[in-house]
**Student:** 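One structure, pasted below without further comment.
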Amino acid sequence: MSSPKLELLERTLMDARAALLQKIKSLASREEIAAASDAVRQAHAALMAAAAGEQGPAAEAVVLPRTLTGHLFARSGSAENAFRPEEASARPRVGVCFSGGGTRAASCSMGALRGLRALGLLDRVDYLSTVSGGGWAGSIFTYAAIDEAVLVGPDVPNDRLGSLTWETGAAPFNLADLDTRAIGNFCTQLGWESLVDGAVNLYFQYPNLSFNQYWPRLIGQQVLEPYGLGDALSADGVPQKFYSFSADSFPFIVGKLNPTLSAESFHFSRSGTPLWVANSTFNAPGPNPEPYPLWISQFDVGIYPRFQGAAIGGGVLGGGSIDPFAFGSQAPLSTVDGRFTVATPQPFALSDAAGTSSAAFGVELFARLPNWLKGIIGDITPLYDYWPVANTRQPADRYEVSDGAGLDNQALLGMLGWAGPDNILCFVNTDEALIVNPLLPPTSINSLQMDTSVPPLFGLIWDSRLGAYRPVNSSDGNAALLQVFPSALFAQLVQQLRDSIAGGGAALAKLRAQTVANGRFGIEAGRTVQVLFVFNHHASAFWNALEWEIRTGLALQYPLVTFPYFDTVRDLNLSAQAVNLLAAQMAWNLKTREPLVRSMFGPIT
């Protein structure tokens, strides 16, 4: 029961909110609205402080040391031997890429993990490269202290698809049954309404929080916190949690150089998971901002290749990376023998990794905010201080870090530039259908349209005016930065995909390629790699195996959707049935082509 003091403060807050609404409705000046909103924030802060006092003392903020010491990881640009265990020659290294695509991509990623686990192959994956929505799934899978079987959900055997029900029975056949600890569960909670409400709450609850931190903090609250991976925000909205590789390695990687830094201030990855990297886009300033890949892994954060003259003021960008706990700091106070010491920055949290990689949704969120708040905030693109490993004496400047999908939506170049595996399974979790032109022979590359972010990997782009693919050029924006495979190889991708989907099958295609040099991602020419592309595709063999009630139920829930092409933005909030079906089909894709999938875990052929 509220005390008289709390009741008075609650009335004060309600009065302040009413006054704000009145200012908005009466089209008051921007200054008047700002003053009214400040009054609401002050009333909210007073209420929260009084409530905390009556409930007992709040948890003390983590006391961090004044300086941190970390490692400089200089890179020449080649990833051939980066992050490869000593036994690398014993067997091929295998990487998995999860593309962007919001909650659809996260649900498909859960299904990919489930399918690999059902085939007994998940523990043989060495690297996981993710972007945007795929990164939401990747961060949870890597860091949540939850059993792997629970995270990926129970498998549905391919011959039991007809046993699935819309909302009756028990798991795994009841599509309405989704464990709250499964990766896909957050997809049923995250939505534009919850994000707008969350942003408004951040504004009132944390008056000192920079608007450019809103998106990572929202990802921390609405995506990661349900899995025990929240930021543990201070009274000022500052994260109190770093992240690192593992509790076992902490004393050697972090603690040895920072003895006063407590392991309790860190999230650690779950034992046995692949090495994980989230891919973001680092935007250098100017009228036409140049994008550069920013790798954010369990071990390091940085821009690996060196770009002379690309920084603010004409300095250098890149040249390597540093420990995640020191990212966002000012330039080093000192450097000695590959180590550096910096004044302690605000903790770079797991939500920063997953948040920057998905920051395109922050742009969409800003457009949906109430006009009064939009006018005050101005912009919520994440900003971070950055200094280059290539020149540790160069002062730090503040840069935008945006969605990795804006540069490499497949997380494939990020994988090649980061870890250099031998074999890669690339999950294209798209909302764009594969469109076959039956009037053209399968040997024609123009006989198949696909996700627009895939052809640029081969130096091609679909030109709707021509109705055909053409070579990319400088007028094609970021697509001109993405070629990593020979253009001639694209015909094999088209041919294999057409053969694979014939008769309603899953969309998989395996290529053996020699890389083309890509300076933006530091990828050398001539590396041999095998890539298995797995597309989110309407496979009639899967769809027709479902009962009528399921197909009808989904059509009623999503009348604008042809399964599985849920729109990245419009359909952000998914039902349990949609999540389970997306995951089930992706797992089915792998199991129905088991020999092909297994071949990716053997030598290059």
Side-chain angles (χ1 to χ4, degrees), residues 67-84 129 242-245 252-254 256-258 275-285 290-348 352-353 356-357 382-401 404 407 413-420 518-524:
T67 61
L68 294 174
T69 299
H71 306 84
L72 294 168
F73 303 110
R75 294 282 288 263
S76 63
S78 171
E80 188 61 33
N81 296 306
F83 300 108
R84 293 168 67 93
S129 177
F242 298 94
Y243 73 93
S244 188
F245 176 54
F252 311 102
I253 295 178
V254 181
K256 185 177 181 180
L257 300 181
N258 302 278
L275 303 184
W276 170 67
V277 66
N279 296 274
S280 295
T281 301
F282 188 93
N283 297 296
E290 275 288 305
Y292 297 90
L294 179 69
W295 286 268
I296 305 176
S297 85
Q298 295 153 284
F299 294 99
D300 70 331
V301 181
I303 301 170
Y304 298 148
R306 176 179 175 138
F307 300 100
Q308 190 64 45
I312 292 174
V316 65
L317 287 180
S321 54
I322 63 175
D323 304 82
F325 61 79
F327 186 74
S329 67
Q330 294 297 305
L333 302 171
S334 64
T335 58
V336 179
D337 296 331
R339 298 174 180 173
F340 65 89
T341 297
V342 294
T344 300
Q346 172 179 306
F348 187 76
D352 290 290
T356 58
S357 185
L383 297 176
Y384 297 88
D385 291 325
Y386 169 84
W387 49 271
V389 171
N391 182 4
T392 58
R393 295 183 178 180
Q394 182 174 305
D397 282 299
R398 186 155 290 189
Y399 294 86
E400 289 186 354
V401 180
L407 190 56
L413 286 100
M415 172 70 83
L416 289 168
W418 171 58
N518 186 299
R520 189 61 54 118
F521 285 83
I523 300 169
E524 295 179 341

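All of these numbers come straight from a predicted model, not from anything done at the bench.
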**Student:** Rounded at 0.5 Å granularity, tell me how far CZ in Phe282 sits from CD1 in Ile296.
**Tutor:**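 Output value for this atom pair is 10.5 Å.
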
**Student:** If I take atom CG from residue Asn518 and atom CD1 from residue Ile523, how far apart are they, to the nearest 0.5 angstrom?
**Tutor:** 5.0 Å

**Student:** Side-chain contact test, heavy atoms from C-beta onward, threshold under 4.5 Å: evaluate it for Asp300 versus His71 and give yes or no.
**Tutor:**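 Heavy-atom side-chain distance check fails, nothing below 4.5 Å.
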
**Student:** Under a 3.5 Å distance rule, please check whether Trp387 uses its side chain to pair with a backbone N or O of Gln330 as donor and acceptor.
**Tutor:** yes

**Student:** Using 30° and 60° as the class boundaries, would you call the ring planes of Tyr292 and Phe307 parallel, tilted or perpendicular?
**Tutor:**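 Tyr292 and Phe307: tilted rings.
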
**Student:** Could you go through the side-chain contact (heavy atoms from CB on, under 4.5 Å) check for Glu400 and Leu383 one step at a time?
**Tutor:** CA-CA 5 Å; Glu400 289 186 354; Leu383 297 176; 3.5 Å; yes

**Student:** Please tell me if the side chains of Tyr386 and Ile312 come closer than 4.5 Å, counting only heavy atoms from C-beta onward.
**Tutor:**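 When only atoms from C-beta onward are counted, Ile312 and Tyr386 do not touch, as no gap falls below 4.5 Å.
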
**Student:** Gln394: what forms a side-chain hydrogen bond (donor to acceptor under 3.5 Å, both in side chains) with it, not counting sequence neighbours?
**Tutor:**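 Checked Gln394 against side-chain hydrogen bond (donor to acceptor under 3.5 Å, both in side chains); zero matches.
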
**Student:** Closest heavy-atom contact between Pro347 and Phe242?
**Tutor:** CA-CE2, 3.5 Å

**Student:** Looking only at heavy atoms, which two atoms of Pro345 and Ala326 are closest? And how far apart?
**Tutor:** CG-O, 4.0 Å

**Student:** Consider side chain to side chain contact (heavy atoms under 4.5 Å, CB included). Of Phe299, Phe348, Phe340, which one does Asp323 pass it with?
**Tutor:**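 In the set Phe299, Phe348, Phe340, the residue that makes a side chain to side chain contact (heavy atoms under 4.5 Å, CB included) with Asp323 is Phe340.
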
**Student:** Taking C-beta and beyond as the side chain, do Asn279 and Ser129 meet within less than 4.5 Å on heavy atoms?
**Tutor:** yes

**Student:** Tell me the closest heavy-atom pair linking Leu407 and Pro293, and the distance in Å.
**Tutor:** CD2-N, 3.7 Å

**Student:** What are the two closest heavy atoms between Thr281 and Gly404, and how far apart are they?
**Tutor:**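 In terms of heavy atoms, the two residues are closest at OG1-CA, 3.5 Å.
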
**Student:** Find out whether Leu275 and Ser297 are in side-chain contact, i.e. whether some heavy atom of one side chain is under 4.5 Å from a heavy atom of the other.
**Tutor:**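 Side-chain contact under 4.5 Å: no.
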
**Student:** Would you mind reporting whether Tyr384 and Leu294 have side-chain heavy atoms less than 4.5 Å apart?
**Tutor:**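 A side-chain contact under 4.5 Å is absent here.
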
**Student:** Report the distance from atom CZ of Phe521 to atom CH2 of Trp418, rounding to the nearest 0.5 Å.
**Tutor:**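 Answer rounded to 0.5 Å: 14.5 Å.
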
**Student:** Just say parallel, tilted or perpendicular for the rings of Tyr304 and Trp295, cut-offs at 30° and 60°.
**Tutor:**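 Aromatic pair Tyr304/Trp295 classed parallel.
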
**Student:** Tell me if a side-chain donor or acceptor on Asp385 pairs with a main-chain N or O of Ser329 at a distance below 3.5 Å.
**Tutor:** no

**Student:** For residues Arg520 and Pro305, determine if any side-chain heavy atom of one lies less than 4.5 Å from a side-chain heavy atom of the other.
**Tutor:**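 No, every pair of side-chain atoms sits at 4.5 Å or beyond.
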
**Student:** Pair Tyr399, Leu317 - check side-chain contact (heavy atoms from CB on, under 4.5 Å), show working.
**Tutor:** CA-CA 11 Å; Tyr399 294 86; Leu317 287 180; 3.9 Å; yes

**Student:** Please check if the side chain of Ser321 supplies one atom and the backbone of Val301 the other of a donor-acceptor pair under 3.5 Å.
**Tutor:**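 It does not hold such a pair.
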
**Student:** Kindly say whether Pro388 contributes a backbone atom to a donor-acceptor pair with the side chain of Arg306 at under 3.5 angstrom?
**Tutor:**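 Flag not set: sc Arg306 to bb Pro388 has no pair under 3.5 Å.
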
**Student:** Give a yes or no on whether the backbone of Ser280 and the side-chain of Ser357 come within a donor-acceptor separation of less than 3.5 Å.
**Tutor:**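 It does not hold such a pair.
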
**Student:** For Arg339, give me all partners under side-chain hydrogen bond (donor to acceptor under 3.5 Å, both in side chains), at least two apart in sequence or on another chain.
**Tutor:** none

**Student:** In Å and rounded to the nearest 0.5 Å, what is the CG to CG distance from Asn258 to Leu68?
**Tutor:** 5.0 Å

**Student:** Assess the residue pair Ile322 and Leu72 against the criterion (side-chain contact (heavy atoms from CB on, under 4.5 Å)); give the C-alpha distance rounded to whole Å, side-chain angles, the decisive distance to 0.1 Å, and a yes or no.
**Tutor:** CA-CA 5 Å; Ile322 63 175; Leu72 294 168; 4.1 Å; yes

